[in-house]
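Below you'll find the structure, written out as structure tokens, and then a few comments.
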Number of protein chains: 2
Amino acid sequence: MDETAQNSRTKAGRRTDIRRENERLILQAAEKVFAEAGFGGATMQLIADMAGLPKANLHYYFATKEDLYRRVVENIFQIWLRAADSFDSAPDPASGIGAYIEAKMRISREHPFGSKVWASEVMHGAPVIQDYLEGTLRAWTEGRIAAIRRWIDQGLMAPIDPRHLMYMIWATTQHYADFGHQIETLNAGKPLSDRQWKAATAEVKAIILRGIGALPDVLAPPRRRTARQTGR
Amino acid sequence: MDETAQNSRTKAGRRTDIRRENERLILQAAEKVFAEAGFGGATMQLIADMAGLPKANLHYYFATKEDLYRRVVENIFQIWLRAADSFDSAPDPASGIGAYIEAKMRISREHPFGSKVWASEVMHGAPVIQDYLEGTLRAWTEGRIAAIRRWIDQGLMAPIDPRHLMYMIWATTQHYADFGHQIETLNAGKPLSDRQWKAATAEVKAIILRGIGALPDVLAPPRRRTARQTGR
DNA sequence: GCACAACCTGACCAGCCGGTCAACAAGTTT
DNA sequence: AAACTTGTTGACCGGCTGGTCAGGTTGTGC
């Protein structure tokens, strides 16, 4: 990817590059097709066309449709997990949860297809990633819940059930990806602009943080007159 | 089936009953199969088996797979629309939005399949119900937004963007249906009990209502030292 | 420049899909 | 009880699907 490429790549081999590049092409096409048609509605032919490769070539890199699908689902899951780094290192809920919401909103915008594939997978009973739910996700969630409990004990936020807070964050942030089409339709048929995404992120953060009592009343309670612009 | 059938139903006709009953059976089976397999993954044979009818019989009542699917999607949409009745008649956001959240949570529990089918449809770009989005849903949403704006102008809640509030409510309440499997997995593999559903509803209501400044500080924010809420 | 492995692909296949249809059964009207 | 409408169904079909494979091409190590 960088300056060393010229030299060391001769060693690494052209072969490796070809494989990596083709897998990338296929995964990217697959993500989109699976998102738009669902697992059942997607066809290898469609993915192949979108990737610009013959169908038989897909089966060279990915043995079965399900293998390819699994890789797509795992990808988005990994991206989401990484988004939680900001969560842990934060000293208080406003910054920790706030940063997490921001990260999740950013991912919803940058990886809407992956989000949809995940949603579809879970909705259908998680036939291929049940092990992730029971393993990684469960453990990850417990960790986050513990962190939130700590904040509650320290009096930094209201004593809510951390579980339902997590669900609300997941639901709301992913909604902007999964239901993007509906949102777009309700936005005069146009995708959200940069400004609108920023506003959406701010609103979600504000409502949730205020909702869990983690905002130091910066965003005024009702009937404030001294205030600045109302956010739109 | 019942006592009145013998007498009055002779007029209404046995025929009507048969049709109604079979359509009900088919729609019920279809809702489940479409929810669990997606439109592309669902097969008429599977729906027929689940309804206990021969496949050819399905095509007698519903010309095509798409017709059947459309009816399922329309059903859940109508149910959701009806849930907003409580919204309009309410004098303040706490009761209006609170009742709406409660209604939506109840529907998520009672019609999880319909919710999933809708989610799937929208995620795939709403190929068959785009007209509903642009017509009924858009109009309905504008009406609700106006109501919220009125509450804001009256100083009954914080000046948030009504649109994002609606999205948050939809996302969060429907999450309990659409991602029910994930929630169940994180709940030690067991479906939420009656008590847990009640608690979930209460949490969602509390966080959102507090988040939009519509709660009269019953659930106290942390570190509060003065007593009552401001005049109005 | 040869041997070998990795990569590529057109042609093909068995199986399943949505949908049709002809023949028949049941219910209703007259 | 005949004439007619509505409901029922097994058998069938063309088309598409995921997946295979033989035979070819390209890159790599020696």
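Sequence lines set the chain letters: A, B, ... in the order given, protein chains first and strands last, and positions in each chain run from 1.
Rounded to whole Å, atom P of dC7(C) lies 11 Å from atom CG of Asp17(A). Residue Lys65(B) contributes atom NZ, which lies 12 Å from atom C1' of dG19(C) at whole-angstrom precision. Distance CZ (Arg20(A)) to P (dA6(C)): 16 Å, rounded to an integer number of Å. Rounded to an integer number of Å, the gap from Phe62(B) CZ to dT20(C) P is 16 Å. We find that CG of Leu25(A) is positioned 15 Å from P of dC7(C), with the value rounded to whole Å. Rounded to an integer number of Å, the gap from CD1 of Ile26(B) to P of dT9(D) is 11 Å.
Within the cation-pi definition used here (under 6.0 Å to the ring centroid, within 45° of the axis), Arg144(B) qualifies as a partner of Trp140(B).
Salt-bridge formation is detected for the pair Glu102(B)/Lys205(B): a Lys NZ or Arg NE/NH1/NH2 atom is positioned less than 4.0 Å from an Asp or Glu carboxylate oxygen. A salt bridge does not link Arg70(B) to Glu66(B): none of the charged nitrogens lies less than 4.0 Å from a carboxylate oxygen. Salt bridge annotation for Glu203(A)-Lys198(A): absent, with no cationic side-chain nitrogen under 4.0 angstrom from a carboxylate oxygen. Electrostatic pairing of Arg24(B) and Asp17(B) does not count as a salt bridge here, judged by no charged N lying under 4.0 Å from a carboxylate O. Looking at Glu121(B) and Lys116(B), no side-chain N of the basic residue comes within less than 4.0 Å of a carboxylate O on the acidic one, giving no salt bridge.
Test Trp118(B), Tyr100(B), Tyr132(B), Phe87(B) against Trp80(B) for ring pair (Phe, Tyr, Trp, His ring centres under 6.0 Å) and you get one pass: Trp118(B).
Thr173(B) places a side-chain N or O within 3.5 Å of a backbone atom of Trp170(B) that can act as its donor or acceptor partner.
Between Arg19(A) and dC7(C), a side-chain N or O to OP1/OP2 separation shorter than 4.0 Å is present.
Listed by residue number, the members of residues 27-52 of chain B with any heavy atom below 4.0 angstrom from DNA chain C are Ala42(B), Thr43(B), Met44(B).
For the pair Tyr61(B) and His59(A), nearest-nucleotide mapping onto DNA chain D gives the more 5' position to Tyr61(B).
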- Query: Yes or no on side chain to side chain donor-acceptor pair (under 3.5 Å) for Gln130(B) and Glu134(B), after CA distance, side-chain angles and deciding distance?
  - Reply: CA-CA 6 Å; Gln130(B) 181 64 23; Glu134(B) 291 175 2; 2.8 Å; yes
For nucleotides 9-15 of chain C, list the nitrogen or oxygen atoms of the protein found under 3.5 Å from its nitrogen or oxygen atoms, one pair per line.
residue, atom, partner, partner atom, Å
dT9(C), OP2, Asn57(A), ND2, 3.3

